Undergrad: 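Attaching a single structure in structure tokens format; questions to follow.
Both backbone and side-chain heavy atoms feed into the values below; hydrogens, waters and symmetry mates do not. On a predicted model such as this, the values are computed, not experimentally measured, just so you know. When a ligand or atom number is given, it counts from 1 through the structure's own listing order.
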Amino acid sequence: MTTNKSVLAWLDDMVSMCKPDEIVWIDGSEEQLEALRKEACESGEILKLNEEKLPGCYYHRTAENDVARVEDRTFICARTKEEAGPTNNWMDPAEMYAKLRNLYNGSMKGRTMYVVPYSMGPIGSPFSKIGIELTDSIYVVLNMAIMTRVGKAVMDCLGDCPEFVKCLHAKKDVNPEERYIVQFPQDATIWSINSAYGGNVLLGKKCFALRIASYLGKQEGWMAEHMLILGLENPKGEIKYIAAAFPSACGKTNLAMLIPPAYLKEKGYKVWTVGDDIAWLRIGEDGRLYAINPEAGFFGVAPGTSEKTNFNALASTRQGTIFTNVAINNEDNTVWWEGLDKNPPADATEWKGAKVNGKEYTAEGNKLAHPNSRFTAPAKNCPCISSEFENPAGVPISAIVFGGRRAKTAPLVYQARDWEHGVFVGATMASETTAAAAGQVGVVRRDPMAMKPFCGYNMADYFAHWLEMGEKLGDKAPSIFHVNWFRQDAEGHFMWPGFGDNMRVLNWILDRCEGKADATETAIGYLPKASDLDLTGLDIDAATLEELLSVDKEVWAGEIDGIKEYFAQFGDKLPKGIADQLAKLEANLK
Ligand code: OXD
Ligand code: MN
């Protein structure tokens, strides 16, 4: 498929290490993918689902010990520990290569190595980057074909260029003790071994599009972020774009595919999805910040996804989708998960593979589907996919939104005073653990810009890069906001309805960007008063609203202590702008 010398030399090296019986290049054709689906069905690696109800959909079950990203086994092998920074695992690259070469040695004997050329971003776009993933898993090939643009067109685009990200995945024996997800940023190389689960093995996603790409972005003057991108259309037909970063399980996919409340829908408001997880952002020729979604599909959490909570996500999964670790409804060979509806199938196969009769499941918490079970759905299936989804130039971003799950601290929404303050707001992002884990409710976890597990270099340098981007953007910089959909009252009830009603907050955000909405300056930034938000038809009492839109100085004083403790790990590397903002917040709260 190619005469590219760098590709062929690297492939030779990997083949002589892994020793596959066969090498198959993925050309991206439907015929080849269909043949692979057949082969994987025959071997039992995937199961074909009901062709009438779920055309082109398949089911896959991973090993029980291999159901999530493994942050403790994920390494950033930069040249020095300091370059990787205190928030990443690190090992000397030479040492790690030697260790892993041992593990990979002969790992593909008796197996086929698939060569998957893929583009993150529309093929040929100035934003886009090319990777090649070598894998011995058909499941990975089929997922990559949904999540990225794969095949010969990508190799043609690469031509003789030596710049591509070298990705190697071997399933080996899925041994969790020998599982490694390793990024070598300086070599644009990713090595993953002993896993077959999504985020660990679909190397275009977190490993490349965030960890390696954030490093490349720092070198090249752009940004790779854990952000959804949505377009909000007003009744005049104008569309403004928002990029938003929330930690995992805080509703990025839901916000990206939001359906406005009825009265706003009737007026003509619409939301268009550009991306639900990752944004690559560059400064355009006009000096504004532009974003693309480098992915081509959604790797979404299934449980909780329903017609009510996210109609558009569910609709996206109705064809050409791969389901992983959900339950099978044996009555009609479809899929089921907790939260899909209130009727667990009587005749089901739970995610661990046991047939159950609706009484006792073997899984923890008596769940049919694994809590991190997933769908891999083509973005083009999404009813609200943006017409700009394939635009190689991306979409101009008007607002950046950070958010987390905070029961008490953060108000519903506030606006940062300026870019530097906004970077501080992102750098101090935190989210509380949920009731799912006993004894851990309300534990604050710092997750700057939702990038803690995904930043490919020293987080303090990452903050500095954000500040530099702001300097380059100048007065064209998007405004920065913080939202919290998860504020709770004294009884632990959510105070804000969330979901579609979040649109009311998005409208205030965009109006602020255009200087059309009012706000009050507080110690932490600009807050709307209740009267600044359009709350038509919303059943919420004045006292609740007031609390949602208030700043409790005592609670925030505690927050300062947490921030200081977190920042201490960066020592002198913490940028002055961030330290200044902390001092300012502290002074404002006095
Ligand atoms: C994801 C994650 O899979 O953030 O998107 O964990
Ligand atoms: Mn994510």
Side-chain angles (χ1 to χ4, degrees), residues 60 62 66-74 87-88 120 139-140 143-144 146-148 179 181 183 190 192 195-214 223-230 243-257 273-281 291-305 310 313 316-317 321-326 337 369-377 379 382 401-405 426 429-431 433-434 436-437 445-456:
H60 174 76
T62 65
D66 189 27
V67 293
R69 286 187 291 102
V70 280
E71 288 173 20
D72 58 328
R73 317 238 21 126
T74 299
T87 61
N88 284 313
M120 296 314 290
Y139 169 74
V140 168
N143 273 272
M144 286 296 285
I146 296 173
M147 293 306 295
T148 73
R179 186 168 295 155
I181 318 300
Q183 285 69 204
I190 303 162
S192 159
S195 174
Y197 166 80
N200 299 330
V201 298
L202 309 180
L203 301 183
K205 194 173 177 66
K206 303 298 188 183
C207 303
F208 176 173
L210 288 176
R211 297 193 190 104
I212 296 288
S214 60
M223 304 160 96
E225 298 297 331
H226 193 198
M227 288 178 173
L228 67 93
I229 310 162
L230 67 81
F246 305 135
S248 308
C250 289
K252 280 206 303 298
T253 306
N254 288 347
L255 189 65
M257 299 180 188
T273 307
V274 182
D276 80 325
D277 194 43
I278 298 177
W280 283 2
L281 302 129
I292 64 158
N293 169 11
E295 302 190 279
F298 308 121
F299 185 63
V301 177
T305 306
N310 195 336
S316 307
T317 68
T321 293
I322 301 172
F323 296 92
T324 303
N325 293 343
V326 300
W337 51 77
H370 188 277
N372 192 34
S373 54
R374 299 278 179 151
F375 53 78
T376 315
C382 182
V401 178
F402 294 122
R405 195 182 273 276
M429 247 171 79
S431 211
T433 48
T434 60
R445 243 193 238 143
R446 297 273 151 206
D447 189 355
M449 283 82 169
M451 283 288 278
K452 187 201 168 286
F454 308 121
C455 186

Undergrad: In terms of relative ring orientation, are Trp337 and Phe375 parallel, tilted or perpendicular, with 30° and 60° separating the classes?
TA: tilted
Undergrad: Quick one: do the Tyr197 and Asn325 side chains pair a donor with an acceptor below 3.5 Å?
TA: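 Checked: Tyr197/Asn325 side chains show no N/O donor-acceptor pair below 3.5 Å.
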Undergrad: For Asp277, which of Lys206, Glu225, Met227 qualifies under side chain to side chain contact (heavy atoms under 4.5 Å, CB included)?
TA: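 Answer to the side chain to side chain contact (heavy atoms under 4.5 Å, CB included) test with Asp277 among Lys206, Glu225, Met227: Lys206.
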Undergrad: Return all protein N, O or S atoms below 2.8 Å from the Mn ion (ligand 2), chain by chain in residue order.
TA: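 The answer, once waters are left aside, is Lys206 NZ, His226 NE2, Asp277 OD1.
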Undergrad: With Thr87, which residues qualify under side chain to side chain donor-acceptor pair (under 3.5 Å), at least two apart?
TA: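 In terms of side chain to side chain donor-acceptor pair (under 3.5 Å), with neighbours along the sequence ignored, Thr87 is linked to no residue.
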Undergrad: Given Val201 and Val140, is the side-chain contact (heavy atoms from CB on, under 4.5 Å) satisfied, shown in steps?
TA: CA-CA 7 Å; Val201 298; Val140 168; 3.7 Å; yes
Undergrad: Starting from the C-alpha separation in whole Å, work towards a yes-or-no answer on side-chain contact (heavy atoms from CB on, under 4.5 Å) for Val301 and Asn372.
TA: CA-CA 6 Å; Val301 177; Asn372 192 34; 4.2 Å; yes
Undergrad: Mind jotting down which protein residues get a heavy-atom contact under 4.0 Å with ligand 1? Chain and number order, please.
TA: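 Correct list: Arg69, Lys206, His226, Ser248, Asp277, Arg374, Phe454.
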Undergrad: Between Met429 and Pro247, which heavy-atom pair has the shortest distance, and what is it?
TA: CE-CD, 3.7 Å
Undergrad: With sequence neighbours left out, what residues match Ser214 under side chain to side chain donor-acceptor pair (under 3.5 Å)?
TA: none
Undergrad: If we ignore angles and hydrogens, is there a donor and acceptor under 3.5 Å between the side chains of Asp66 and Ser195?
TA: yes
